[in-house]
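All remarks here apply to the structure that follows.
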Amino acid sequence: MFSCETAAGGPHAKALATGAPAAVVGLGPTDAYGVACSVGGHRGVAAVRDSGGDPVLVTDEDLRLAQRDLARAGLWQELSGAAGLAGYRRLRRDFDGPVVCIATSSGFKDVGVATERHPALEEPTLEDLIP
């Protein structure tokens, strides 16, 4: 198991590196506000350690690329929700069997969603709806 978290904080990575059972870690700047917290939990640290996995730190750029590619596949994730795919790509490893990248959120939670306004159309036609 791998914990995929923003390089701006990485509470699991720091706990695993120091041998701590859990960590309270300050956070650096990141656009992935969904994982922008300063507390790591003991369950995540134990899961990664006991499985023989590793923490994987990803940048905002890694997250944006993964988010874009997920969107192209029809999966709308907020930036932090793309951490699993971004981490898998950062590993650059082959695995025997399937790989599961957990998407943890929805694009509805992304900052800036629904900030653009459009006028309401009275009795729209098909031509009005096609860009």
Side-chain angles (χ1 to χ4, degrees):
M1 183 172 293
F2 299 89
S3 66
C4 304
E5 52 196 347
T6 177
H12 292 105
K14 289 184 180 172
L16 289 160
T18 63
V24 177
V25 180
L27 180 69
T30 178
D31 293 335
Y33 64 90
V35 291
C37 63
S38 59
V39 178
H42 70 279
R43 288 181 182 96
V45 172
V48 174
R49 184 188 59 236
D50 295 349
S51 71
D54 286 305
V56 182
L57 299 177
V58 296
T59 66
D60 285 352
E61 181 180 345
D62 295 332
L63 292 167
R64 277 193 274 291
L65 289 171
Q67 182 188 42
R68 181 201 64 205
D69 292 342
L70 288 167
R72 286 183 176 153
L75 300 169
W76 189 25
Q77 289 293 306
E78 64 152 313
L79 197 59
S80 62
L85 179 58
Y88 171 70
R89 289 175 171 174
R90 176 137 320 254
L91 284 169
R92 291 180 171 85
R93 290 173 46 180
D94 290 326
F95 295 91
D96 294 330
V99 173
V100 177
C101 296
I102 299 174
T104 59
S105 192
S106 162
F108 285 111
K109 292 173 62 179
D110 220 347
V111 173
V113 169
T115 58
E116 188 176 341
R117 297 194 176 264
H118 300 277
L121 299 176
E122 306 267 338
E123 300 183 41
T125 66
L126 184 58
E127 288 78 27
D128 293 326
L129 303 175
I130 298 175

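Heavy-atom basis, side chains included; hydrogens, waters and symmetry copies ignored.
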Separation of Arg49 CZ from Met1 CE (nearest 0.5 Å)
13.0 Å
Minimal non-hydrogen separation, Gln67 against Leu79, with atom names
NE2-N, 3.4 Å
Verify side-chain hydrogen bond (donor to acceptor under 3.5 Å, both in side chains) between Ser80 and Glu78, making sure each step is shown before the conclusion.
CA-CA 6 Å; Ser80 62; Glu78 64 152 313; 3.1 Å; yes
Please find the pair of heavy atoms, one from Val45 and one from Ala20, that lie closest to each other, and give the distance.
CG1-O, 3.6 Å
Applying side-chain contact (heavy atoms from CB on, under 4.5 Å) between Phe2 and each of Leu91, Val99, Val48, report the one that passes.
Leu91
Would you find more than 12 non-hydrogen atoms of other residues, nucleotides or ligands less than 6.0 Å from Ile102 atom CD1?
no
Decide if atom CZ of Arg68 counts as having more than 12 heavy atoms of other residues, nucleotides or ligands within a radius under 6.0 Å.
yes
Between Asp128 (side chain only) and Thr125 (backbone N and O only), is there a donor and an acceptor less than 3.5 Å apart?
yes
Could you report the tightest heavy-atom contact between Gly87 and Cys4, atom names first, then the distance?
CA-SG, 3.7 Å
Please give me the minimum heavy-atom distance between Gln77 and Ala82, naming the atom from each residue.
CB-N, 4.3 Å
For Asp54, check side-chain hydrogen bond (donor to acceptor under 3.5 Å, both in side chains) against everything at least two apart and list the hits.
none
Counting C-beta onward and ignoring hydrogens, is there a side-chain heavy-atom pair between Arg89 and Val58 closer than 4.5 Å?
no
Residues that, via side-chain heavy atoms closer than 4.5 angstrom, fall in one hydrophobic cluster with Ile130:
Leu126
Taking a hydrophobic cluster as the set of Ile, Leu, Val, Met, Phe, Trp and Tyr residues connected by side-chain heavy atoms closer than 4.5 Å, whether directly or through intermediates, do Leu75 and Leu63 fall within one such cluster?
yes
Is it the case that the side chain of Glu5 and the backbone of Pro55 share a donor-acceptor pair, with hydrogens and angles ignored and the cut-off at 3.5 Å?
no
Starting at CG of Leu85, measure out to CG of Asp69 and round the result to the nearest 0.5 Å.
7.0 Å
